[in-house]
Amino acid sequence: MVKKIISVFVLFIAIIVLLGSMYIQKMDEQSIIIRLGKINDVVTTAGIKFKAPFIDSRYVFTKRIVPYDTPPVSVITRDKKTIVFDTVAFYNITEGDKFFVKFKTVDAAQRWLDDIIYSAVRNQAGQFTFDELIYEKRSAAMDKTIASVNDAGSKFGLFVKDIQLKRTSLPENNEDAVYRSMAADRNQHAAQIEAEGEAKYREITSEADRDYTEKVSDANRQSEEIKGQADKKSQALIADTMN
């Protein structure tokens, strides 16, 4: 009876040890095995895996591309206008050991992304005008933002695949002022074009009048010359006839 109890106890301990040492890793997972506070192994393949029971700890991170909705960013453009960017970032963990050393958790990594994306978007916004960020060069600005973020994130095993704008808006407290400023800019630009057109019209009209005057003067001069020659010939013919 005692041997049976011991056998059951040993079997129970063996099962606990086996369960504590075995784990199943999925295709889209990567594991960091920590032993006594240090990284002992980085597991990136799927299947049934083993670790030392009780002394090894397993931290799991996904291999998939993760969407992260970053907080709205208020920035000032090169022409001193304020604009709010609401972005979503798509990132994945490329090197689990570096990621774990720097961040430990996904939440910490996303807080870091908040700061680094805000800094990158703000720096890029300062290099473009309001109109360029809204229409002409938005893609170029976002590409430079992604490159800037990855320059910092590559050291920590984090790669940002894309940053997309969900929404672009103006701060409520200065939206009307910006619209009035934009309207004033457009009116000023239109007035400048109109003034340039008026000046060009006067220049063309002046040249046309000058050409007309010169041509009339030349025609009158040629007419007088022809008339004088005709009178001269007429007088000569009359003189010959009288002789």
Side-chain angles (χ1 to χ4, degrees), residues 70-90 116-151 160-242:
T70 62
V73 178
S74 178
V75 297
I76 299 177
T77 63
R78 191 179 67 192
D79 50 351
K80 307 305 179 184
K81 296 178 181 177
T82 302
I83 186 172
V84 177
F85 284 138
D86 193 358
T87 60
V88 57
F90 297 86
I116 201 70
I117 290 176
Y118 171 77
S119 177
V121 170
R122 183 179 59 185
N123 290 338
Q124 290 304 318
Q127 300 178 25
F128 296 92
T129 66
F130 181 89
D131 288 346
E132 289 173 342
L133 285 176
I134 295 297
Y135 304 110
E136 303 168 2
K137 299 183 179 179
R138 176 187 292 188
S139 296
M142 298 314 298
D143 289 342
K144 290 183 178 181
T145 299
I146 294 170
S148 177
V149 172
N150 284 329
D151 283 343
V160 175
K161 185 174 181 63
D162 195 12
I163 298 176
Q164 296 182 4
L165 288 174
K166 294 192 306 177
R167 185 168 51 253
T168 304
S169 58
L170 298 172
E172 294 181 0
N173 58 351
N174 69 343
E175 186 172 349
D176 291 338
V178 171
Y179 283 141
R180 287 195 299 270
S181 177
M182 291 174 62
D185 289 342
R186 294 295 182 272
N187 292 335
Q188 182 179 1
H189 188 57
Q192 181 180 355
I193 293 175
E194 184 178 359
E196 291 174 354
E198 181 67 21
K200 192 67 176 178
Y201 166 76
R202 292 179 180 177
E203 180 183 349
I204 294 173
T205 303
S206 177
E207 290 179 357
D209 291 342
R210 184 169 59 253
D211 290 343
Y212 171 77
T213 301
E214 290 177 354
K215 288 179 180 180
V216 169
S217 178
D218 289 341
N220 290 334
R221 179 177 53 79
Q222 292 176 6
S223 174
E224 293 297 328
E225 289 178 355
I226 293 172
K227 184 178 179 181
Q229 293 175 359
D231 289 342
K232 184 177 180 181
K233 289 182 179 180
S234 174
Q235 294 296 329
L237 288 173
I238 292 173
D240 289 344
T241 301
M242 293 299 293

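Note that the numbering runs from 1 along the sequence shown for the chain.
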inquiry  = Are more than 12 heavy atoms, taken from residues, nucleotides or ligands other than E207, located less than 6.0 Å from that residue's CD atom?
reply    = yes
ask   = Are side-chain N/O atoms of T129 and T77 paired as donor and acceptor at under 3.5 Å?
value = no
inquiry  = Using the rule given for side-chain contact (heavy atoms from CB on, under 4.5 Å), can you reason through D162 versus I146, listing the C-alpha separation, both sets of side-chain angles and the distance that settles it, and then say yes or no?
reply    = CA-CA 7 Å; D162 195 12; I146 294 170; 3.5 Å; yes
ask   = Which residues satisfy the side-chain contact (heavy atoms from CB on, under 4.5 Å) test with V75, sequence neighbours excluded?
value = V73, I83, F85, V121, R122, A125
ask   = Under the salt bridge (Lys or Arg N to Asp or Glu O under 4.0 Å) test, which residues partner K144, sequence neighbours left out?
value = none
ask   = Going from CD1 on I76 to NZ on K81, what distance comes out if it is rounded to the nearest 0.5 angstrom?
value = 13.0 Å
key: Interatomic spacing from CZ in R138 to CG in D143 - rounded to 0.5 Å   = 12.5 Å
query = Of the non-hydrogen atoms in R78 and Q127, which two are nearest, and what is the gap between them?
reply = NH1-O, 3.4 Å
ask   = How long is the span from the OG1 atom in T70 to the OH atom in Y118, to the nearest 0.5 Å?
value = 12.5 Å
query = Is S74 close to T82 at the side-chain level, that is, under 4.5 Å between some pair of heavy atoms?
reply = yes
key: Electrostatic pair E196-K200, nearest N-O below 4.0 angstrom   = no
note = Heavy atoms of T145 and Q124 approach each other most closely as OG1-CG, 3.4 Å
ask   = Is K137 close enough and on-axis enough to F128, meaning under 6.0 Å and within 45°, for cation-pi?
value = no
task = Nearest 0.5 Å please: distance from the CD1 atom of I117 over to the OG atom of S148.
result = 10.5 Å
query = So, N150 side chain and V160 main chain: donor-acceptor pair closer than 3.5 Å or not?
reply = yes
